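Numbers restart at 1 for each chain; the letters A, B, ... are given by sequence-line order, proteins then strands. Because the structure is predicted, anything quoted here is derived from the model rather than measured.
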There are 2 protein chains.
Amino acid sequence: MEIGRNEDASEDRDCSDLEHLEAKSPMPLLDQEICKRTAAIFRAMGDASRLQLLALLAKREMCVTELTGRLSDNLPAISQRLKLLRAERLVSTRRQGKHIYYSLADNHIASLIENGLAHGSETDCTLCPPT
Amino acid sequence: MEIGRNEDASEDRDCSDLEHLEAKSPMPLLDQEICKRTAAIFRAMGDASRLQLLALLAKREMCVTELTGRLSDNLPAISQRLKLLRAERLVSTRRQGKHIYYSLADNHIASLIENGLAHGSETDCTLCPPT
DNA sequence: CCAACAATCAATCATTTGATTGACTGATTG
DNA sequence: CAATCAGTCAATCAAATGATTGATTGTTGG
């Protein structure tokens, strides 16, 4: 998707003279639904516990038991989070015997997560004092 | 950041024979803080109204009044959302006269948003019936 | 078919979140 | 310096979220 910067550069004008008050339709509105859907994806990723799950699944497919073993949390909790991630279609499942294996839904999701973690780790966090 | 897939491919083995129960430390834990910070960023983007703001700011710097004009919402509401985005350092501000201009904090954020919207628009949403 | 294990579901409850309103600060203009 | 405009702050309140517990489904192995 192309966002397109500087569609109408309005450099130094004083915007109090109501130029932009009557300007432009209230919104492209076209993107309304896209924003909703995209926000839902981001919201699903916007929780440390869930993101940790996603980060693990970015490495490879894992079953719930293994995920539970790696994170220090009980199985129902993990399962619940996975359920949410599946509802937003960030992950998909496959059953094999007693186990249900989870993996990231597609590469796009994977790169979203990688990019996010990249930014999150680069950001020197002045707000959060060193633990 | 490199995540590294298939670090130990465990194809067809039955994971009930407790191979992975004793396996691996509970978590890399190194990434704990990174996950927290990253999740906070995603959470901030994980709201349709805020994402719309970010999408607008991805085009160019805008002041609160202009943003308010483009979205159909009152100024305090917009301001509140911007405040949150600023607290997470997704946007930064600069004052010019009466106006305060907002812009995306850096290019990394911009690409995160673009990628997200790209994925959000590509996804055919089987869950959400056509409005 | 029964016992044991993997995972999900359903319901409850505390916490977090976000919208809203009115008061407040900061800058400009006459 | 008073009036006005831009924007933020603070407090309240309803709605959404997430953790937790116990019951339930699905699968395998004896």
Set of salt bridge (Lys or Arg N to Asp or Glu O under 4.0 Å) partners for A/Arg81, sequence neighbours left out: A/Asp73
Distance, rounded to the nearest Å, where A/Leu82 contributes CG and C/dA6 contributes C1': 13 Å
Length of the NZ-C1' vector between B/Lys83 and D/dA6, whole Å: 16 Å
Under 3.5 Å donor-acceptor, A/Arg50 side chain and A/Ala44 backbone: yes
Pairing residues for A/Ser92 by the side chain to side chain contact (heavy atoms under 4.5 Å, CB included) criterion, not counting sequence neighbours: A/Ser103
Distance below 4.0 Å between A/Tyr102 side-chain N/O and C/dT8 OP1 or OP2: yes
Separation of atom CZ in A/Arg94 from atom P in D/dT27, rounded to whole Å: 14 Å
Pairs satisfying salt bridge (charged side-chain N to carboxylate O under 4.0 Å, His left out), at least one member in residues 39-49 of chain B, at least two apart: none
Whole angstrom value for the distance that separates P of D/dT4 from NE2 of B/His99: 17 Å
Touch class at under 4.0 angstrom, heavy-atom based, for B/Leu75 against every strand present: base
Rounded distance in Å - CG (B/Leu85) to P (D/dT8): 12 Å
Residue list, side chain to side chain contact (heavy atoms under 4.5 Å, CB included) with A/Ala105, at least two apart or on another chain: none
Non-neighbouring partners of A/Ile100 that pass side chain to side chain contact (heavy atoms under 4.5 Å, CB included), sequence neighbours left out: A/Thr93, A/Arg95, A/Tyr102
Contact pattern, 5' to 3', of nucleotides 15-28 of chain C - B, S or - by protein heavy atom under 4.0 Å: --SSBBB-----SS
